[in-house]
Amino acid sequence: MRNFPIFLNMDGARVVIIGGGEQAAQKLRLIGRTTAAITVMAEAMCGELESAVAQGRIIHHPAILDASLLAGARLVIIATGCAALDAAAADLARQQGAVVNVVDRPAISDFITPAIVDRDPVVVAIGTEGTAPVLARQIKTALESMLEPGLGRFAALAGRLRDRVAHRIAPSDRRRFWEWAMDLPRRLATSGREAEAIAHLDQVLSSGHVPAPRQRAVSVIDAAAEPDLLSLRAVGRLQRADLILHGADCSSDILELARRDAEREILSTEPGPAQWQADRDARRAAAAVEDGHQVVWIGNAVNASAALDRAGVTYEIIPVASATEPSDTQPSAVVARAKEG
């Protein structure tokens, strides 16, 4: 990873855009969603930028290379369209301590601007380190269709509830509360039934009792699966897993898709027949399920299902797509690559 993704706090920050053409306007559409104060330095501006000045959204200065205007800027975005002027402006901005992006010139840029899926305060940034902008846009389009339009409003509601949750829900039950909240209340709120969602949340917070989770089961993913052919269901199970049982040779790319704080255990390698080893793992999975945990077993699906049958554990086999299927039937590949960016 050459570029490390971060989210900058833009409250009270100054951003300077150098250039007045279409490329500068495109950057304004992106950075203008933030709370930053934006100054455009350009001798002449396109109609979109002139309109933004008239609306009071940005400040215009006709000087292109004025060091005093760059002092204290958190970010400087340069889009003059002239290679020599871009380079000179980048040097001047760095001298003033700013972090610089030069449009279409990654070699002299300190950062790149990602493709963004905006469900404020939920924001997904997608980058390809400048190698494939069209791919980034394709991933953005896929994610736009996956994330409900009302998701941001529900996330904001959840944020407002955090103090109340801390006072009303026992620490041991808080994660379970949020898992429940991101299920039924989320589905209600994002489908236009926000009042019902709030009523459910109020009822649970008033009582302090979190609804019992749906029946837990062991999710079995075949270890032979290619990471970019995992289904959305498989990725979702990995993201919610409390315990992941996997072979020592399990693909690190698959484990990278899992929840960071999930407990991970290597499948049994103790002496004895393979069936004995699988039965030990099944007993471990059964104990975790009984404790209310979500378990993912990454291994030989046939052996795992047989062992779980013998242990009397509810389980699901998550199908894995064939590598010969068309790529447009593989939404999980989109999720994996979006995380990578």
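In this text the structure is predicted, and so the values were computed from the model without any measurement. We use all heavy atoms of the structure for the numbers below, so side chains are in, but hydrogens, waters and symmetry mates are not.
- Other residues, nucleotides and ligands contribute over 12 non-hydrogen atoms within 6.0 Å of the CD atom of Glu265.
- Using modelled atom types and a 3.5 Å distance limit, the side chains of Ser252 and Glu256 yield no donor-acceptor pair.
- Rounded to the nearest 0.5 angstrom, Leu151 CG and Met182 CE are separated by 8.5 Å.
- In this structure, the separation between CG on Leu49 and CD1 on Ile17 is 7.0 Å, given to the nearest 0.5 Å.
- Partners of Ser268 under the side-chain contact (heavy atoms from CB on, under 4.5 Å) rule, at least two apart in sequence or in another chain, are Glu270, Gln277, Arg280, Asp281.
- Contact check on Asp261 versus Arg175 returns no salt bridge, with no Lys/Arg side-chain nitrogen under 4.0 Å from an Asp/Glu carboxylate oxygen.
- A salt bridge between Arg187 and Glu148 is absent, with no side-chain N of the basic residue lying under 4.0 Å from a carboxylate O of the acidic one.
- Checking Gln23 against Asp104 by side-chain atom types alone, a donor-acceptor pair falls below 3.5 Å.
- If you take CG on Asp291 and CG on Asp242, they are separated by 10.0 Å, rounding to the nearest 0.5 Å.
- The neighbour count for Arg164 CZ, taken as heavy atoms of other residues, nucleotides or ligands under 6.0 Å away, is above 12.
- Heavy-atom minimum distance, Arg310 versus Ala278: NH2-CB, 4.5 Å.
- The neighbour count for Gln55 CD, taken as heavy atoms of other residues, nucleotides or ligands under 6.0 Å away, is above 12.
- Note on Glu144 versus Arg137: no salt bridge recorded, every NZ/NE/NH1/NH2 to OD/OE distance being 4.0 Å or above.
- Salt-bridge annotation for Arg186 and Glu194: absent, with no side-chain N of the basic residue lying under 4.0 Å from a carboxylate O of the acidic one.
- For the atom pair CH2 of Trp178 and CD1 of Ile169, the computed distance is 9.5 Å after rounding to the nearest 0.5 Å.
- The line from CD1 of Ile38 to NE2 of His60 is 14.5 Å long, rounded to the nearest 0.5 Å.
- Atom CD of Glu196 has more than 12 heavy atoms from other residues, nucleotides or ligands within 6.0 Å.
- Going from atom CD1 of Ile126 over to atom CD1 of Ile116 covers 9.0 Å, rounded to the nearest 0.5 Å.
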